[in-house]
Protein chains: 2
Amino acid sequence: MPADTAKKPSRIQLKNRGIILDAALDVFSTHGFRGATLDQIAEAAGLSKPNILYYFGGKDDIHRTLLNALLDVWLAPLVEMTDTDDPLDAIMDYVHRKLEMSWEMPRESRLFAGEVIRGAPRMATDLETGLKPLFDEKCALIQRWVDDGRIAQVSPAHLIMSIWAVTQHYADFEAQVGVLVGSGSQDDARAHVDAMFRSLLTP
Amino acid sequence: MPADTAKKPSRIQLKNRGIILDAALDVFSTHGFRGATLDQIAEAAGLSKPNILYYFGGKDDIHRTLLNALLDVWLAPLVEMTDTDDPLDAIMDYVHRKLEMSWEMPRESRLFAGEVIRGAPRMATDLETGLKPLFDEKCALIQRWVDDGRIAQVSPAHLIMSIWAVTQHYADFEAQVGVLVGSGSQDDARAHVDAMFRSLLTP
DNA sequence: CCAATTTTTGACCGTTTGGTAAACGATTGC
DNA sequence: GCAATCGTTTACCAAACGGTCAAAAATTGG
């Protein structure tokens, strides 16, 4: 009897856990943890509720599993931003990667956003142990670039913050963006975001 | 028997409706509509559940009341951005007002954000009839400024979008901002946001 | 003061919630 | 082929949910 992954998972276990997590991502990202129900997830997954509880310990377990997998994916682009000959390009690459991720993984973006909006009660430790060190490291890197005069003078922390803000906005507020500018203008958005951070960072 | 405000509300009615709406704003902004419960609202308001349903028709009624009042407040700063001798100042004033609003009314910001993240099912019409016309009008205004060469060339729609993104971020993602840069650095944030949009808009 | 009205409350109802028990199929290993 | 395991379902909880109702308390107007 699974629920915890103590032993090697069979093919069918792997498949169904995947189906459930995908369905749960749909539901949790649109309704939040409290607003989501196991029945919704079960219906979206095409499985019965008890069958879902056969693969996961409970609602919390599914949610926790999603969040744990999310942070790694979410921070991967930032990890890749390392020291280089062309700091401006490194930062702009990061911006573009993050923007692309918002369009390709809007559910993940909304899951993360919803969790932080609620005060991140189930992510507090992950934020401290996983995000904070990486964030500080990258801030120091950017600060060095600033000190060397290779990019304009900016607050590294707030720069990263505003990159997150702008890129995530296109995923999290898709409903609003769609009504106001139409969902199809990704090229315009890319050009605008590029111009914004380029003008800010060019010495 | 109230629930609808057909006649003149007494002082006690006005007070209790206010208390309830304030408590509901707390609960709805942190848990979303589906995640919020009447018992939570009742406890936060210091009233009994039936007493709350004496003043409002139901959970939906409270939520709808909050949303209706919100959009006006939320768009007020944008309404005030009108044609002027100094377009850059007008936009920067708007940015600063919006930023201030995020710090002074984080609950309203989160209520709005949460609703839009969920696809804005209860705001679709308000978005179309209330927000869209204003948005288009202000886009046209900014476009005129651009065409006259009084500010740099930007996409008005995406400019407004990114102003919303950055300013709301400080309210909606307060939990994250608090962990990473500390909640106290409002001056740094103000300076950064100012520099960002100023560099983008200066011809 | 008292009667009419307004406000508050405790008890309750039908439904939905997360979760369980056990029996029922399906697979697998030998 | 067959027992042992794995996977699924039916039937069911107890608690929490949004909401109702009638009676009690508090307020108001004369």
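Below, read A as the first sequence line, B as the second, and so on, with proteins coming before strands; counting in each chain starts at 1.
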Cation over ring face, B:Arg122 and B:Phe33, 6.0 Å, 45°: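 Relative to the ring axis of B:Phe33, which defines the angle, B:Arg122 lies inside both limits.
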Per the atom types in the model, does the base of D:dG19 pair as donor or acceptor with the side chain of B:Lys59 at under 3.5 Å?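 Flag unset: no donor-acceptor pair detected.
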Nearest-Å distance, [atom1] ([X]) to [atom2] ([N])?
{"X": "B:Asn16", "N": "C:dT6", "atom1": "CG", "atom2": "P", "value": "15 Å"}
{"X": "B:Asp39", "N": "D:dC17", "atom1": "CG", "atom2": "P", "value": "5 Å"}
{"X": "B:Ile41", "N": "D:dG19", "atom1": "CD1", "atom2": "P", "value": "10 Å"}
{"X": "A:Phe33", "N": "C:dT17", "atom1": "CZ", "atom2": "C1'", "value": "12 Å"}
{"X": "B:Asn51", "N": "D:dA24", "atom1": "CG", "atom2": "P", "value": "18 Å"}
{"X": "B:Tyr55", "N": "C:dT9", "atom1": "OH", "atom2": "C1'", "value": "13 Å"}
{"X": "A:Ile52", "N": "C:dT20", "atom1": "CD1", "atom2": "C1'", "value": "15 Å"}
{"X": "B:Glu43", "N": "D:dC17", "atom1": "CD", "atom2": "C1'", "value": "15 Å"}

Any side-chain N or O of B:Gln13 under 4.0 Å from OP1/OP2 of C:dT7?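 The answer is yes; a side-chain N or O of B:Gln13 sits under 4.0 Å from OP1 or OP2.
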Is any side-chain nitrogen or oxygen of A:Arg34 closer than 4.0 Å to OP1 or OP2 of D:dC17?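 True: A:Arg34 side-chain N/O within range (under 4.0 Å) of D:dC17 OP1/OP2.
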Does A:His192 reach the main-chain N or O of B:His158 with its side chain, forming a donor-acceptor pair under 3.5 Å?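 Side chain of A:His192 to backbone of B:His158, a donor-acceptor pair under 3.5 Å: yes, one is there.
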Has the side chain of B:Lys138 got a donor or acceptor atom that lies under 3.5 Å from a matching backbone atom of B:Met81?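 Confirmed, B:Lys138 side chain pairs with B:Met81 backbone.
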[X] side chain, from C-beta outward: closest of [options]:
{"X": "A:Pro50", "options": "C:dT8, C:dA21, D:dT20", "value": "C:dA21"}
{"X": "A:Leu38", "options": "D:dT8, D:dG19, C:dG19", "value": "C:dG19"}
{"X": "A:Thr37", "options": "C:dT20, D:dT9, C:dT17", "value": "C:dT17"}
{"X": "B:Tyr54", "options": "D:dG7, D:dG19, C:dT7", "value": "C:dT7"}

N-O pairing of B:Asp187 and B:Arg190 below 4.0 Å: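 A salt bridge is present here (some side-chain N lies under 4.0 Å from a carboxylate O).
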A:Asp61/A:Arg17 ion pair, N-O < 4.0 Å: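 No, this pair does not count.
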Sugar-phosphate, base or nothing in reach of B:Ala36, heavy atoms under 4.0 Å: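 Counting heavy atoms under 4.0 Å across all strands, the contact made by B:Ala36 is with sugar-phosphate only.
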Which part of the nucleic acid, if any, lies within contact of A:Ser48, taking any heavy atom under 4.0 Å across all strands shown: a base, the sugar-phosphate backbone alone, or nothing?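 If one applies the 4.0 Å heavy-atom cut-off, A:Ser48 turns out to touch a base.
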